[in-house]
There are 2 protein chains.
Amino acid sequence: MKKISDSTIRRLSKYYRTLSSQIEKGVSTISSNEIAQLNSITSAQVRKDLSFFGTFGKRGLGYNTEQLKDQIANILGLKKEWRVGLVGFGNIGRALLRYDEFKKQGFNIKAIFDNDPTKLGQQIDNLKIDKIEDACNVVAKEK
Amino acid sequence: MKKISDSTIRRLSKYYRTLSSQIEKGVSTISSNEIAQLNSITSAQVRKDLSFFGTFGKRGLGYNTEQLKDQIANILGLKKEWRVGLVGFGNIGRALLRYDEFKKQGFNIKAIFDNDPTKLGQQIDNLKIDKIEDACNVVAKEK
DNA sequence: TAGATTGTTAATCGATTAACAATC
DNA sequence: TAGATTGTTAATCGATTAACAATC
């Protein structure tokens, strides 16, 4: 498989948001040129980016917004469940653990790490706080 | 002034971290090749990136770590004080407001915005929570 | 069919790298 | 001076864009 550049992936994620918002507005069909204008780039760029992954449009018509959004979600792995580790359990870490949007997007926090010895071993939601040094081992075990 | 690419800026910020950690280890001089290896890139890339902003090294010797770190800090605007607005005052927003590292890095939160009507007008640390719709106006007034 | 827009090739542009004279 | 490494030019590589045949 040919190497896909970072820039392409980043743009794909922008197209995804564009499609989401157009779908909310009730738009069911969109051209590469419309997507391009909404992202201040060229339509050739949009078509090129998509072409790395397949052919999703209809010549003369453009793209079905729902379908294209769905296909980009697949490309970006947005449908998968991800088991993730949280590193740092201070105020921000705690807030992130409670941030439901992650769960909704398929990111499930399955481990917590911190370097404060007084926090080690503490139990939160079935999770025990681990030493940061252990992070690599824990992740390796999951592979 | 010639346009500097995003990639260059992103790398500069990596060099900055590399220098910080080398300085901590007591390293006082570094070559473009050493910086490159620590960042998995070529030495030509490092020298090219720096060359957009001036000449910082000594031929035959390399770069003084302290000096180069300082000069990159200037390039990246790390010495400036920044007045910033916080958008969203839920759990994460609250944690970010209390995160001292921002203040230390020169980012001073001077306004808070949220879209929850029950939060509007609340007073936190001398700051009144504003409507998100007002964010652009508030920022514009600062310019 | 005529008009529109895709998917893709070829041309262009910009970023990375190799090479080397300058010089510490 | 000899060795090392910079700063910069020129060559290479890869990403963006223009152009257009295919086709809805």
Side-chain angles (χ1 to χ4, degrees), chain A residues 1-16 18-19 22-23 25 27-72 74-76, chain B residues 1-16 18-19 22-23 25 27-72 74-76:
Chain A
M1 188 197 192
K2 213 186 303 161
K3 165 89 175 89
I4 306 295
S5 80
D6 271 16
S7 339
T8 290
I9 300 297
R10 252 193 296 276
R11 281 191 301 265
L12 240 27
S13 142
K14 289 189 184 168
Y15 305 159
Y16 183 80
T18 302
L19 289 164
Q22 291 307 105
I23 288 169
K25 286 189 189 161
V27 175
S28 63
T29 285
I30 198 166
S31 68
S32 58
N33 189 42
E34 287 167 308
I35 298 178
Q37 293 198 337
L38 291 166
N39 290 279
S40 311
I41 55 175
T42 65
S43 66
Q45 182 76 84
V46 173
R47 296 197 301 280
K48 185 71 164 176
D49 285 337
L50 294 173
S51 76
F52 292 120
F53 301 96
T55 72
F56 308 109
K58 279 211 173 45
R59 288 170 195 234
L61 291 172
Y63 305 85
N64 176 295
T65 50
E66 300 268 10
Q67 272 174 29
L68 187 57
K69 181 186 170 188
D70 200 64
Q71 277 148 333
I72 293 180
N74 281 326
I75 294 168
L76 295 176
Chain B
M1 190 198 192
K2 214 187 299 159
K3 166 89 173 89
I4 307 295
S5 81
D6 271 16
S7 339
T8 290
I9 299 297
R10 253 194 296 275
R11 282 190 301 264
L12 240 26
S13 143
K14 289 188 184 167
Y15 305 158
Y16 183 80
T18 302
L19 289 164
Q22 291 307 104
I23 288 169
K25 286 190 190 158
V27 176
S28 63
T29 287
I30 198 167
S31 69
S32 59
N33 189 43
E34 288 167 307
I35 298 177
Q37 294 198 338
L38 292 166
N39 289 281
S40 311
I41 56 175
T42 65
S43 65
Q45 182 77 83
V46 173
R47 295 196 301 279
K48 184 72 164 173
D49 285 337
L50 294 173
S51 76
F52 292 121
F53 301 96
T55 72
F56 307 110
K58 278 213 174 42
R59 289 171 195 230
L61 291 173
Y63 305 85
N64 175 296
T65 49
E66 300 268 11
Q67 272 174 29
L68 187 57
K69 182 186 171 189
D70 199 66
Q71 276 149 333
I72 294 180
N74 282 325
I75 294 167
L76 296 176

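Labels below follow one simple rule: chain letters A, B, ... track the order of the sequence lines, proteins then strands, and each chain is numbered from 1.
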A side-chain contact here means heavy atoms from C-beta on lying under 4.5 Å apart; do A:Ile4 and A:Phe53 qualify?
yes

Check whether any side-chain nitrogen or oxygen of B:Arg47 sits under 4.0 Å from OP1 or OP2 of C:dT17, and answer yes or no.
no

Quick one: are B:Lys69 and B:Glu66 in side-chain contact, heavy atoms under 4.5 Å?
no

With the side chain of B:Leu61 defined as its heavy atoms from C-beta on, choose the nearest nucleotide among C:dT8, D:dA15, C:dC24.
C:dC24

When you measure from the side chain of B:Thr18 to the backbone N and O of B:Ile35, does any donor-acceptor pair fall under 3.5 Å?
no

Donor-acceptor contact below 3.5 Å, side chain B:Thr65 vs main chain B:Val27
yes

Expressed as a whole number of angstroms, how long is the span from B:Phe53:CZ to D:dG7:C1'?
15 Å

Atom pair distance, as rounded to whole Å: CD1 in A:Ile41 and C1' in D:dA18
15 Å

Over all strands shown, is B:Ser7 touching base, sugar-phosphate only, or nothing at heavy-atom distances under 4.0 angstrom?
sugar-phosphate

Please give, in whole Å, the distance from D:dT6 P to B:Asn64 CG?
13 Å

Tell me: NZ of B:Lys3 to P of C:dG14, nearest whole Å?
11 Å

For the side chain of B:Gln45, counting heavy atoms from C-beta on, which of C:dT17, C:dT6, D:dA18 is nearest?
C:dT17

OP1, OP2 of C:dG7 versus side-chain N and O of A:Ser51: anything below 4.0 Å?
no

Any donor-acceptor pair under 3.5 Å joining the side chain of B:Arg59 to the base of D:dT6?
yes

Nearest whole Å is fine: how far is C:dT6 P from A:Ile35 CD1?
8 Å

The side chain of A:Thr42 is closest to which nucleotide in this list: D:dA15, C:dT6, D:dT17?
D:dT17

Each stem that DNA chain C is part of, given as range with range (3 or more consecutive Watson-Crick or G-U pairs, under 3.5 Å)
C:3-24 with D:3-24

Would you mind reading off the distance between B:Leu50 atom CG and C:dT17 atom C1', rounded to a whole angstrom?
16 Å

A:Ala44 has a side chain; which of D:dT6, C:dT6, D:dT17 sits nearest to it?
D:dT17

Rounded interatomic separation in angstrom, taking OH from B:Tyr15 and P from D:dT6:
12 Å

Nearest heavy atom decides the nucleotide; on that basis, is B:Lys58 or A:Lys48 closer to the 5' end of DNA chain D?
B:Lys58

Taking OP1 and OP2 of C:dC24, is either one under 4.0 Å from a side-chain nitrogen or oxygen of B:Tyr63?
no

Rounded distance (nearest 0.5 Å) linking atom NZ of B:Lys3 with atom OG1 of B:Thr8:
9.0 Å

Are side-chain heavy atoms of B:Arg47 and B:Tyr63 found at a separation under 4.5 Å?
yes

Whole angstroms only, please: what is the CG-C1' distance between B:Leu12 and C:dT16?
16 Å

Sugar-phosphate, base or nothing in reach of B:Ser32, heavy atoms under 4.0 Å
sugar-phosphate

Compare all side-chain heavy atoms of A:Leu68 with those of A:Leu50 and state whether any distance is below 4.5 angstrom.
yes

Going by side-chain contact (heavy atoms from CB on, under 4.5 Å), name the residues that satisfy it together with A:Gln37, two or more places apart in sequence or in a different chain.
A:Asn33

